[in-house]
Amino acid sequence: MKSVEIKTLNRKYKVLIENNITGGIIYHIKENFSNFNNLIVILNDKLYGIYGERINKILCTSFKLNTIIINDGEKYKNIDTLKYIYQQLLKMNIHRNDVILSFGGGVTGDIAGFAAATFNRGIKLIQYPTTIIAQVDSSIGGKTGINFKNTKNIIGCFYQPHLIVTDPELLKTLDENEIINGFGEIIKYGLVFDYQIIDDILNISGNYKNDENRLFKIIENADFENIIYKCIKIKAEIVEKDEFDLNERQFLNFGHTIGHALEKTIGFDNINHGQAVSLGILCALDMSENLGYLKRDFKKDILALYDILKLPKFISKISIKKIMKSLKYDKKFTSSKNRFILLKGLNKPVIYNNLNENIVKNSIINNMLT
Ligand code: NAD
Ligand code: GLY
């Protein structure tokens, strides 16, 4: 089993990573938590359908188990779902020493994390990520929250989990679309921090280049666990250096500024987070090239990678005016200045303030609206 330790201001916790760790999860919960009465599993209806029975069977032999089932989907990452979770926690008479286990992707992790942070002023929290995005990114580092009035993650707080359990085996039930999403975030780690990650993916995918099912084959390959591990290590280091997102943690937002604006403009139902981010990455590469930071052909290589990983390269029927308006809601911006994460070279991220609006606009027109 691989393990990564994360030291934050209030807490030191571990990420445990192993294929099939789920079978032996009781041991790890008992090792990390003592003296609690209730274990509350929060998961969505889709995951309950796939894993509910198995999870219940494993956990109920050792713990007093409560389950809260929420609706599946980004559009339910909202105040109504949060209210429902609070109501259930009250009904179950949950106390501070009880443990919430969030089983799911980034949506469940963000909302269950926020509930854990705020109910009773804080309940113990296990993040149990089941998508690629959640395993390499959202479960780590304590950002929790909900969307409000169509604005992403605008209500939230930092609340570090007490344990993260990562089982790459769970990824095998993902839809192809969700695997594509996850690759968007993995490519981000490769471009911003460690290009070896992209080479690792290319090495694995080389065996299945023309195979329609190549994405499933990549994640089923034994070496994929190591790619997940590398991303987790990078995120853990960043969180330790800048827990509250004031400096280098913002590098993780590479591609997200325009990605979030795109999600806001066309609606959460119409584009997935990872796919919006992959388009945002193309814009960020274009802006970096325009500033002379990256050589002109760099993006061409990345587009070839996008083909292999079935990542989107453009989106049609969208108004540039609306995206520019949505951009203004980005949490990194101030009322007078924009802020983008760009690359000053491969694996050399930089925070760029007050970027010329035409460069921004053209990058969107050239990379999305063709
Ligand atoms: P998600 O949680 O909606 O999961 C995507 C879909 O996959 C859902 O339909 C879900 O039910 C399904 N699913 C999850 N695990 C599955 C499995 N093992 N098998 C089959 N289906 C499965 O979305 P996501 O892509 O995981 O996360 C996106 C969310 O994460 C966004 O809300 C984003 O804002 C947030 N996020 C947060 C952070 C952070 O630091 N907190 C970082 C990145 C993203
Ligand atoms: N996903 C961005 C962050 O955790 O800061």
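Computed over heavy atoms, backbone and side chain alike; hydrogens, waters and symmetry mates excluded. Read the numbers this way: they start at 1 and go in the same order the structure lists the ligands and their atoms. Everything quoted here is computed from the prediction, not taken from an experiment.
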> What residue and heavy atom of the protein are closest to atom 26 (O) of ligand 1, and at what distance?
Replying inline: Thr131 OG1, 2.6 Å
>> Just to check, does Asp137 reach to within less than 4.0 Å of ligand 1 when the distance is taken from its heavy atoms?
In response: yes
>> Going by side-chain contact (heavy atoms from CB on, under 4.5 Å), Ile100 matches just one of Leu89, Ile94, Val41. Which one?
In response: Leu89
>> Return the closest protein heavy atom for atom 4 (O) of ligand 2 as residue, atom name and distance.
In response: Lys235 NZ, 2.5 Å
> Any ion pair linking Lys152 and Glu263 (charged N to carboxylate O, less than 4.0 Å)?
Replying inline: yes
> Are any of the N or O atoms of Val107 closer than 3.5 Å to those of ligand 1?
Replying inline: yes
> Within less than 4.0 angstrom of ligand 1, does Leu171 place any heavy atom?
Replying inline: no
> Do Phe103 and Tyr128 make the cut of ring centroids closer than 6.0 angstrom?
Replying inline: yes
> How does Asp110 reach ligand 1, by side chain, by backbone, by both or by neither, if only non-hydrogen atoms under 4.0 Å count?
Replying inline: side chain
>> Once you measure the plane-to-plane angle for Phe183 and Phe224, does it fall in the parallel (<30°), tilted (30-60°) or perpendicular (>60°) bin?
In response: perpendicular
> Can a salt bridge be assigned to the pair Glu212 and Lys310 using a cut-off of 4.0 Å between side-chain N and carboxylate O?
Replying inline: yes
>> Less than 4.0 Å is my threshold; does some heavy atom of Glu263 fall inside it relative to ligand 1?
In response: no
>> Tell me whether Lys46 is salt-bridged to Asp175, with the criterion being a basic N under 4.0 Å from an acidic carboxylate O.
In response: yes
>> Geometry only, no angles: is Arg249 polar-contacting ligand 2 at N/O separations under 3.5 Å?
In response: yes
> Is the shortest side-chain N to carboxylate O distance from Lys230 to Asp194 below 4.0 Å?
Replying inline: no
>> Does only the side chain of Ile140 get under 4.0 Å from ligand 1, or the backbone, or both, or neither? Count heavy atoms.
In response: neither
> Looking at atom 24 (P) of ligand 1, what's its closest protein heavy atom, distance included?
Replying inline: Gly106 N, 3.5 Å
> What protein heavy atom sits nearest atom 34 (O) of ligand 1, and how far away is it?
Replying inline: Lys152 NZ, 2.8 Å
> With backbone taken as N, CA, C and O and side chain as the heavy atoms from C-beta onward, which portion of Asp72 lies under 4.0 Å from ligand 1: side chain, backbone, both, or neither?
Replying inline: side chain
>> Using a 4.0 Å heavy-atom cut-off, which part of Glu74 comes near ligand 1: side chain, backbone, both, or neither?
In response: side chain
> Taking it one step at a time, do Asp307 and Lys209 satisfy salt bridge (Lys or Arg N to Asp or Glu O under 4.0 Å)?
Replying inline: CA-CA 10 Å; Asp307 281 336; Lys209 244 184 194 141; over 6 Å; no
> How does His256 reach ligand 2, if at all, at less than 4.0 Å between non-hydrogen atoms: by side chain, backbone, both, or neither?
Replying inline: neither
> Does an N or O from Lys143, backbone or side chain, lie closer than 3.5 Å to an N or O of ligand 2?
Replying inline: yes
>> Applying a heavy-atom cut-off of 4.0 Å, say which part of Leu47 lies close to ligand 1: side chain, backbone, both or neither.
In response: side chain
> When the ring centroid of Phe114 is compared with that of Tyr159, is the distance short of 6.0 Å?
Replying inline: no
> Of Asp137, Ile133, Val136, Leu252, which has the heavy atom at the shortest distance from atom 1 (N) of ligand 2?
Replying inline: Asp137
